[in-house]
Every structure is written in structure tokens, then in C-alpha cells.
Amino acid sequence: MIAPTQGLVVLLLALIALGFGGFFWRASLLYRLLRLGRNEDRSDRPLRRLRDEIVIYLGQRKLLKRPYYVRGIGHALIFWGFLVITYGSSDLLLAGLFGRHLPFTDTGLYAWTLDVFAVAVLAAVIVAVVRRAFVRPPRMHIAPEGYVILGLISFLMLTLLVFESAGIAAGQLETGVTPPPLAGLVNAFSRENAAAVFSGAWWAHVVTILAFAVYLPRTKHLHIVTTLPNVYFRSSRPRGALQMIDDIENKETFGAANIRDFSWKQLLDGYTCTECGRCSDNCPALATGKTLDPQKIVLDIRDQLLREGPKLLADAKAETTPPAHWGETKPDELWACTTCAACVEACPVTIEHIDKIVDMRRSLTLMEGAAPPEAQRAMTNIERAGNPWGEPRESRGDWAQGLEIPTFAEKPDAEYLYFVGCAASYDRRNQRVARALATILKSAGVSFAILGAAETCNGDPARRMGNEYLYQLQAQQNIETLNAAAVKKVITSCPHCFNTIANEYPQLGGNYEVIHALPLVKKLLDEKKITMSDGAAEVVAYHDPCYLGRHNGIYDAPRDVLDAVPGVTRAEIAPHNRERGFCCGAGGGRMWMEEKMGQRVNHRRVDQLLATKSGATKVASGCPYCLIMLEEGVGAKGVQESVKPVDVLELVAARLETN
């Protein structure tokens, strides 16, 4: 190792001051810009956050998910190699300054590890360059700085291997008990020139490290640093739960009407975006020709912060552009979102796209009254009649006529409340699903009742269309009704009702044991409380509802129920199934908004179903929105006679053995 002479120490200290001084100066500015965002407590559940660091950050779990597994391995190798070699580079600086080593760096095991990762990183960099230059994914942002970063990483690996080999040849580098795997390269250097090569490569490696430190915080590769805190501070709320506006009655502004209205974590997301395009690859709106691009939403926030932030730091009263108007197409982008969470699921660095979009919708809806006319009509109907269709409140329980289903007023000791929801109460097609569930529950001897006319919209459409005020009114009304009836357990047949009551009502003090109908039916089947008779053989494809699957992780129970139906062979709409399921297009309030651009999302979903060539005669789901959208889709495609949309509950009820 190079001896730490006085001149060497002075030179190293000067370079370190320049390198890390430049890094921390830029980091300080970025931190001050981050603090322009509103405060948000992300300190709860520290053990879960620590687990996330191990599994998501260190383990790179989300990078290694299908269908990105192969390219994820390459990125993971670069990441893991970067960690190993950063430790080794820190040892170099420490040895150069003080002649001391970090623990384990003078062992053969570490030398082996260093060499293996250096070669692996070089291989991954070559693959990355080829991919960017020749087989670039359509959504990936390609910028010159990406090649600069890859070049710096490659140069670090090469100089590491060179000075290691030359150092061994010159007798200036101890290899420990076991020589590193590339120690054989020492033959490339003679004893006479090895010392000079070693010294040159050592200095080149150190200078590159410090240059990297200066350059890094000025590029998108800042995510190398910010991913660690971004993963740690990711939301601990259930994925399906939006952030609540506290004390809404006394608020003067709503949503993101200013760059300051985003939270510091939402701004940190912008620093952390890797521009990999995975969120865009999986967005149903973008796939069908809408202007929405989840990656662009995140980058627009980052870019606006970097543009306007310094001005806001200098003058707290400086005028800024409302986020919902950062471009001519921005409102259209925001209203195209179905809140399906495909972007959130795909993001390898835990960026939270939906909260940002809904915050900007809140500004449009509550501050500007600029919701689309159809959305405004649906919200008016909810406020006036308690449902988006505008149907009379008193007819909410008419679907149950003839079934002898009691209300909670009539049966206050019922074990379960069946919260029917607006779709199953008023949409004729979904009324059949509600009747099917009621038949199943009665056959199993489940004690349940409904609210009838006392039920009102759960508030999900209003909340996701940005009308947080209306959502809270609806939620509080339902919570008061449920509490007055002493409800403890709730059944829903709608994933949106399930998600809202289970994950969002607790924000307002409504805490209940909530179960979606399909996991409950699976439980009843397992306990032999219901049995089914043989039926005609048929192939049924299963469509994953976003608010049942990605938002709440319920993938297996619906499939288990389908598999238990006699005569039914389940088919998958692969590869767009489970966590990669494609949205029906109705979430996020889109059920009540027209699609005026590109292909309809539900039509694309039917195309995917037909492309599987599974021979499915039915496509089953567990969501009333999905059923409506799939019915419209197969009708528009002219295949309604060969593929019939159904709810899984209908298949069970049709084969139910009654005592």
C-alpha cells in the first residue's frame, strides 16, 4: 500500500475537501428545497421500516420481480457491487491518510468478494450500455449523463483490478491468506513497472471516486443516495388508503395548489426517481393513448422544485405556478388516472404516485371547481341522493325484495352487516350479484342484515375525484349509522367498499372487522358450510380487480373459490394477471367520466382476454365496476355471445346445493 507521507496526506485532504465539499454543498441545497414541502410524520412502525430497508433496499426485491427479472439482476449486481466497492474505496482513503484499514479488508475473503463484484459490475455495465444503445425500452429516458455514470463506474472497476494486480506484483499489496481470483493478472506486470502502474491506478481510482461524489447529486443517479431514506420513509398506510386532510372544516386551501403543498416525502420521491419507466410501462391510461405518464408526473414535480425552489428559498412570498397547471395537458393527465396502483406496484424505489395525483385533483376540484362535468354530476348526485347514479335514497334496498333479508333495525343482533354499496343497490346487473351473495350467506346460515335506505355511498368516488370534503361527509354519515347499530363485522361484495371501510374509515374513527365476500365464501367452503352440485364444464378466465388485488393483496381467495366450483376450469389472462393485472378503467372515479382520448381501457382489457386463446366462455371478477366495464367491453367487441362477464359469486350461487 502507498505509504501515507506528509505530501500524500495534504494532497488527499485537498482532494477530499473538493470532492465531498462539492457533494455536501449540493446536498445541502437539495435538502433545503425538500424542506419547502409540508411536514409529514413518517416515524411510525420503525421495525417495519427497518425490514423494508433489508428486503427492498438491500435485497432489491422489487427490482427482481417479473417481468424485469433479467435486467433487475444486472442492476442489483451494480448496486451490490457499488456497496462492496464503496467499502473498499473508503478503506483506500483511510489507508492513504493514516495507514490504517477498515475491518476485514485485509483478508483473502474480502479480496475475493471485491474481485467477483468488480467483474460482475463490469459485465452488468456492458449489458446496460448495449440495452440503452440498441434495445432501449420505449419508456426509458436516455440522457448523456447515464453514459457518464456508467463510464465512471466502469473506470472505478478497471482501476481497482489494475492497482490490485500491480500492487501484488510490486509486493505493495497484501492479499491475505487466500489470493484474490484475479491475482493471476500479476503476470501482466514486471517487477520494475508494477510499482508505477500501481501508483497511477491507485490515484486514478481515488480521483474518480471524488469526481463521482461531485457529479452524483447533479444527476438522476442521486437515487443511489436517496433510495435508502425513500424506502425507509415510505407510507405505512395500507396501499389503498389515501392521506386524509385533517381538520378540513378549518382549512383555507386544499390539495396541491403550490409546490409547498406537496409533503417533503412527495418531493423526495422526485429526487429518487430512477427514470426506469417501469411505472409508465404498466400504466393502463398511457397504454391506451392517454396523456398521463406516471413517470412524468413525478419528474415534473422534481423539475418544478429545482426551478422554483431557489426563488422560494430567497422569497417566501414569491408567486408560483399551481401544480395542476404545469402544462397545457396537465389537467387531462390527472383526470386520466384510474388509481389502479400499477405504477406503485412496479416502482423499484417505492415512489407513491397516487397521492400526488389525488392531491392535484383536490386542488382542481375544491379550489378551482374544475372537475370534468361528468365527475361533477356524479359528486352532485352523491351529495343529493347518496349515490353517483342519482337514484332515490329510499329505493336503495329494493334489490332485496322477496329474499326476506332483514335490516339491522329489524335484526340488531346480526353478526354481520352486508354493506351492499351503490352499484349492487342500483345497477340492475350487479343487483343479481347482491342476490347471489345473499343466497350463499343464507344457505350457510350466516347471520347478517343490511342497512337498506340508511346506507349511503361509502365516499370512494368522491375522494378519488378530489372531493375530500364530500368523502368525509359520506364516511362520517356511514360511521355514525354503523356505530348506532353497534356493527362490529362488515361484509362487502365491492372491493371499493371493502378498501374504503377497512382502510380509510379508521382515519375517521370507524373501526370494523371488514371482509370481502370472496375470502368469506372460501372460508365457508373450507368449513363445509356450503356445498355445490355438479355443473356444465366451462372455462372461466379470472380478472383481478385492482382494489382487491394490488391495493389489498387478495389474489388467491377468488381463485380458490373458482377452483372449487364443479365443472369450472380456471384460466389466467397472462401475463396481465395478479399484481400485473390490467385495470378495467373504472377506478379513481373514472366510472363516471368519459374516455375521450385513445382506446377505452376496458376495450384493451377485453383484447387481452381474447388474445390468451384460452377458450374461456366466461370472464369472472369480484368487483361491480369491473363487471360493468367488462360487459360494455365484450359488447363493443361483438363477442358477448361467446364470452360472458360474471361475478365469481354468481358461479357459486348457480351451483349451490340447498337443504
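- The pair Asp269-Lys265 meets the salt-bridge criterion, with a side-chain N (NZ, NE, NH1 or NH2) lying under 4.0 Å from an Asp/Glu carboxylate O.
- Within 6.0 Å of the CD atom in Glu383, the count of heavy atoms belonging to other residues, nucleotides or ligands does not exceed 12.
- Within the structure, the ring-ring contact (aromatic ring centres under 6.0 Å, His included) test picks out no pair touching residues 320-369 (sequence neighbours left out).
- Residues Arg559 and Glu572 are paired through a salt bridge, judged by an N-O separation under 4.0 Å between the basic side chain and the carboxylate.
- A salt bridge links Arg464 to Glu504: at least one charged side-chain nitrogen sits closer than 4.0 Å to a carboxylate oxygen.
- At a cut-off of 3.5 Å, with distance as the only test, a side-chain donor of Asp359 or Gln266 sits close to an acceptor on the other residue.
- Of the N and O atoms on the side chains of Thr365 and Asn467, not one donor lies less than 3.5 Å from an acceptor on the other residue.
- Thr456 and Gln474 share a side-chain donor-acceptor pair at under 3.5 Å.
- Side-chain polar atoms of Asn478 and Tyr505 form a donor-acceptor pair below 3.5 angstrom.
- One finds no salt bridge joining Arg239 and Glu579 here, because no Lys/Arg side-chain nitrogen approaches an Asp/Glu carboxylate oxygen to under 4.0 Å.
- In this structure Phe212 satisfies the ring pair (Phe, Tyr, Trp, His ring centres under 6.0 Å) test together with Phe82, sequence neighbours excluded.
- Looking at every heavy atom in both residues, Cys583 comes nearest to Thr338 through SG-OG1, 3.4 Å.
- You'll find the ring centres of Tyr625 and Trp592 inside the 6.0 Å limit.
- Lys251 has no carboxylate O lying under 4.0 Å from a charged side-chain N of Glu468, or vice versa, which leaves the two without a salt bridge.
- Of the N and O atoms on the side chains of Glu632 and Asn602, at least one donor lies less than 3.5 Å from an acceptor on the other residue.
- At a cut-off of 3.5 Å, with distance as the only test, a side-chain donor of Ser236 or Asp44 sits close to an acceptor on the other residue.
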